[in-house]
Protein chains: 2
Amino acid sequence: MKLQQLRYLVEVARRGLHVSEAAEALYTSQPGVSKQIKLLEDELGVVIFERAGKRLASVTEPGREVIAIAERLLREAENIKRVGEEYAGGGNGSLVIATTHTQARYALPEVVKRFVDRHPSVRLSMHQGNPTQIAEWTQKGEADIAIATEALELYPQLVMLPCYQWVHCVIAPVGHPAVANGGLTLAELARWPLITYDPAFSGRSRINSAFERAQLTPNIVLSAIDADVIKTYVELGLGLGIIARMAYDPVRDSGLVAVDAEHLFGANTTRIGLRRGVRLRRYDYDFIELFAPHLPRRAVDMAMAGGGEEYQL
Amino acid sequence: MKLQQLRYLVEVARRGLHVSEAAEALYTSQPGVSKQIKLLEDELGVVIFERAGKRLASVTEPGREVIAIAERLLREAENIKRVGEEYAGGGNGSLVIATTHTQARYALPEVVKRFVDRHPSVRLSMHQGNPTQIAEWTQKGEADIAIATEALELYPQLVMLPCYQWVHCVIAPVGHPAVANGGLTLAELARWPLITYDPAFSGRSRINSAFERAQLTPNIVLSAIDADVIKTYVELGLGLGIIARMAYDPVRDSGLVAVDAEHLFGANTTRIGLRRGVRLRRYDYDFIELFAPHLPRRAVDMAMAGGGEEYQL
DNA sequence: CGTGATTACGTTTATCGTAATTATA
DNA sequence: TATAATTACGATAAACGTAATCACG
């Protein structure tokens with residue numbers, strides 16, 4: 001049994017049993033992959049792929065088990081390489097954060113500033129995307145840390161760490177009748193054209209379900225990925241905005257008024273997602289603790305070791 | 001990075017940094033091991049072993065990490081091989097139980113009988129030893145399942161599963177004055193010569209601590225590994241015996257009387273120990289469930305995945 | 001027939017073992 | 001000086017890529 005044989009095996013399984021596709025992805029030849037897989041099957045004494053003539057048709061029961069174990073094994077091999085990189089790199093590595101606009105714009109700046117202060121030689125990069133992309137980048141290992149409020153729970157290969165809670169607010173142009181008197185209700189909101197986040201983003205799911213529970217149909221005239229866009233259109237008078245509280249700045253947004261909306265939509269939890277089984281570097285732990293001070297290394301390790309039940313905030 | 005390089009590395013680390021010893025254990029040459037380790041260090045860009053001239057002196061910090069990960073990785077490689085064996089072997093594998101005399105003689109016969117009924121093609125073998133040996137055999141992978149009442153908790157690499165509880169009894173020749181009237185006490189026991197288990201075995205630790213708590217010094221004239229020996233000497237009149245309740249058979253041991261001793265020494269818990277991270281075969285799960293019906297596959301998997309806190313009986 | 005997997009074969013690389021060398025206790 | 005690790009080197013083997021073959025849609 002060789003490490004490459006396992007790499008070939010896993011890649012073929014991932015690519016829907018296409019040997020040539022896997023070979024191309026691994027920068028090697030079709031026959032090589034084919035032969036090594038056959039050698040592995042012979043050595044183990046087990047058929048991994050059911051063949052229909054010359055084509056791979058399906059994965060056998062023992063094959064599924066072998067592939068599952070091989071994936072864990074290869075992750076450990078990755079981890080060994082990462083140890084090398086961390087210690088050999090002389091402190092300068094790279095950290096890729098996958099996150100949404102909301103986090104990058106309103107929650108992370110302070111954290112990033114402190115992080116680059118402490119780790120000037122680590123190349124930090126932010127991959128911005130929607131929650132699904134974020135989760136997939138992290139699952140594939142293209143990003144080290146995912147930060148999002150939505151969708152991460154759908155990926156069992158990710159370990160979730162609750163970081164902080166936040167609430168929405170309703171924004172309106174100064175003098176707008178809806179916010180003139182206090183006690184804003186969902187029914188009142190539903191009477192106005194609304195501008196808020198794209199369905200996949202930043203607690204939009206809670207907004208939807210709040211209206212649904214109240215059996216109201218909001219009139220969402222525009223949805224956007226970020227609060228800056230939403231604020232712009234609210235200022236233009238297109239409607240009321242619903243954004244994250246932290247995205248409203250009374251000084252900068254002096255043309256707008258904000259009304260707290262926790263009583264309408266409840267609170268959202270922003271989480272960090274980490275690929276299960278991956279070895280974290282010193283600065284990974286450091287970034288996490290800067291972002292969520294209640295998550296020191298020990299807590300992160302416990303969550304990574306745990307069976308997957310979410311650590312309670 | 002090759003699997004063998006990792007095998008070499010781990011073996012050298014295990015053998016106290018002696019390359020020649022490791023080479024011998026791996027049935028290969030000294031220079032081969034030396035070279036492969038150096039190649040691995042070069043590839044990772046990390047020094048794993050600190051050299052003092054030509055001798056390996058110590059393990060570096062990154063080295064410790066690499067070795068720890070390599071051990072996990074090699075265990076997964078083992079697991080892949082085990083999948084092959086289980087499926088290729090056509091159902092006939094082998095199961096090695098490491099246990100003490102007490103378990104083998106009094107707790108296991110019924111279980112073993114049912115197991116060989118169900119799995120006639122599995123070669124079952126029992127390795128008998130003291131609890132320390134049992135734990136070490138299991139840790140090294142020489143045994144699949146450890147069963148003992150003592151010492152297993154000292155091995156962090158073993159996952160512990162509480163199986164059943166049992167109590168001691170005091171045995172005496174028929175007509176012995178100590179058991180003539182009821183209400184046996186520790187003070188009474190301490191007045192007679194006693195025969196019981198060897199200090200490493202079968203709840204002897206609880207016997208000792210019970211006397212200690214009562215500030216009594218028992219007069220243990222003879223200690224043995226098994227109840228059969230103890231019973232023999234009690235019948236000869238050498239003293240009172242303290243043995244596991246299940247080892248007394250009123251019919252077979254008609255020359256002896258037994259008095260329950262739970263109120264004196266409390267209850268003991270017999271546990272199964274499994275090597276952490278090892279893949280279990282269908283019949284491993286089956287044996288465990290036959291022995292401890294409250295431990296179906298699901299419960300065992302949960303305990304194996306868990307962080308190590310003992311599953312509560 | 002075209003796509004995609006296996007078989008055949010020659011080249012290249014790396015692994016293994018023996019022998020020689022070097023450094024420490 | 002004896003023990004133990006590294007370096008040198010030659011034989012063996014296995015992995016890789018190209019080319020040819022074979023099965024299926």
Side-chain angles (χ1 to χ4, degrees), chain A residues 1-60 63 66-67 70 73-74 77 80-81 84, chain B residues 1-60 63 66-67 70 73-74 77 80-81 84:
Chain A
M1 177 174 19
K2 304 270 157 59
L3 277 175
Q4 293 151 336
Q5 294 175 332
L6 300 178
R7 281 196 205 100
Y8 290 0
L9 176 70
V10 167
E11 197 61 35
V12 169
R14 284 222 183 101
R15 306 256 164 191
L17 312 190
H18 294 298
V19 177
S20 25
E21 221 179 289
E24 192 177 1
L26 293 160
Y27 305 105
T28 185
S29 69
Q30 226 170 51
V33 174
S34 192
K35 184 174 191 185
Q36 290 305 320
I37 287 180
K38 200 166 256 299
L39 280 173
L40 179 64
E41 286 182 320
D42 287 350
E43 181 180 344
L44 297 178
V46 155
V47 177
I48 295 174
F49 297 115
E50 210 97 60
R51 268 84 165 175
K54 288 248 174 185
R55 239 153 265 221
L56 304 192
S58 64
V59 182
T60 64
V66 170
I67 290 166
L73 189 153
L74 293 174
I80 289 180
K81 283 197 204 123
Chain B
M1 177 173 21
K2 305 271 158 57
L3 278 174
Q4 294 151 333
Q5 293 175 333
L6 300 178
R7 282 196 205 99
Y8 289 0
L9 176 69
V10 167
E11 197 60 36
V12 169
R14 283 221 183 101
R15 306 255 165 192
L17 313 190
H18 294 298
V19 176
S20 26
E21 223 179 287
E24 194 177 2
L26 293 160
Y27 305 106
T28 186
S29 69
Q30 228 170 48
V33 174
S34 191
K35 185 174 190 186
Q36 291 304 321
I37 287 179
K38 200 166 256 297
L39 280 172
L40 179 64
E41 287 182 320
D42 288 349
E43 182 180 342
L44 297 178
V46 155
V47 177
I48 296 175
F49 296 115
E50 210 98 58
R51 269 83 164 178
K54 287 249 175 186
R55 239 152 263 221
L56 303 193
S58 64
V59 182
T60 64
V66 170
I67 290 165
L73 189 153
L74 293 173
I80 289 180
K81 283 198 204 124

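What's counted below: heavy atoms across the whole structure, side chains too, no hydrogens, waters or symmetry copies. All chains are named by letter (A, B, ...) in the order of the sequence lines, taking the proteins before the strands, and each is independently numbered beginning at 1.
- Using a 4.0 Å heavy-atom distance criterion, B:S29 is classed as a base contact.
- Between A:L56 atom CG and D:dA23 atom P the separation is 16 Å, expressed in whole Å.
- Between A:A70 and A:V10, the closest heavy-atom pair is CB-CG2, 3.8 Å.
- Protein atom NZ of A:K35 is 18 Å distant from nucleotide atom P of D:dC22, rounded to whole Å.
- Distances from the side chain of A:H18 to the nucleotides C:dT18, D:dA5, C:dA5 place C:dA5 closest.
- Near DNA chain D, defined here as any heavy-atom distance below 4.0 Å, there are no residues from residues 5-15 of chain B.
- Closest to the side chain of A:R55, out of C:dT7, D:dA23, D:dT6, is D:dA23.
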Name the atoms and distances for all side-chain donor-acceptor pairs under 3.5 Å in residues 28-48 of chain A, with sequence neighbours left out.
| from | atom 1 | to | atom 2 | distance (Å) |
| --- | --- | --- | --- | --- |
| A:S29 | OG | A:G32 | N | 3.3 |
| A:Q30 | NE2 | A:S20 | OG | 3.2 |
| A:Q36 | OE1 | A:Q5 | NE2 | 3.0 |
| A:E41 | OE1 | A:R51 | NH1 | 2.9 |
| A:E41 | OE1 | A:R51 | NH2 | 3.2 |
| A:E41 | OE2 | A:I48 | N | 2.6 |
| A:E41 | OE2 | A:F49 | N | 3.0 |
| A:E41 | OE2 | A:R51 | NH1 | 3.0 |
| A:E43 | OE1 | A:M1 | N | 2.5 |
| A:E43 | OE2 | A:M1 | N | 2.6 |

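- Comparing B:Q30 and A:Q30 along DNA chain D, the residue whose closest nucleotide (by nearest heavy atom) sits nearer the 5' end is B:Q30.
- Atoms CD1 (B:I37) and P (D:dA4) sit 16 Å apart, rounded to a whole Å.
- A salt bridge is absent between B:E11 and B:R7: the closest approach of a Lys/Arg side-chain nitrogen to an acidic carboxylate oxygen does not fall below 4.0 angstrom.
- Taking atom CD of residue A:E21 and atom C1' of nucleotide C:dT3, one finds them 13 Å apart after rounding to whole Å.
- Counting to the nearest Å, the P atom of C:dT6 and the CG atom of A:L40 are 14 Å from each other.
- Atom CD of A:E24 has 12 or fewer neighbouring heavy atoms from other residues, nucleotides or ligands inside a 6.0 Å radius.
- Contact detail for B:V12 and B:A22: the closest heavy-atom pair is CG2-CB, 3.6 Å.
- Applying the 4.0 Å criterion to OP1 and OP2 of C:dT3, one finds that A:S20 has every side-chain N and O outside that range.
- At whole-Å resolution of the value, CZ in B:R51 and P in C:dT24 are 13 Å apart.
- To the nearest 0.5 Å, atom CD1 of residue A:I67 and atom CG of residue A:L73 are 13.5 Å apart.
- The distance between atom NZ of A:K2 and atom C1' of D:dA15, rounded to the nearest whole Å, is 8 Å.
- Summarising the geometry, the separation between CD on A:Q36 and P on C:dT7 is reported as 13 Å, rounded to the nearest angstrom.
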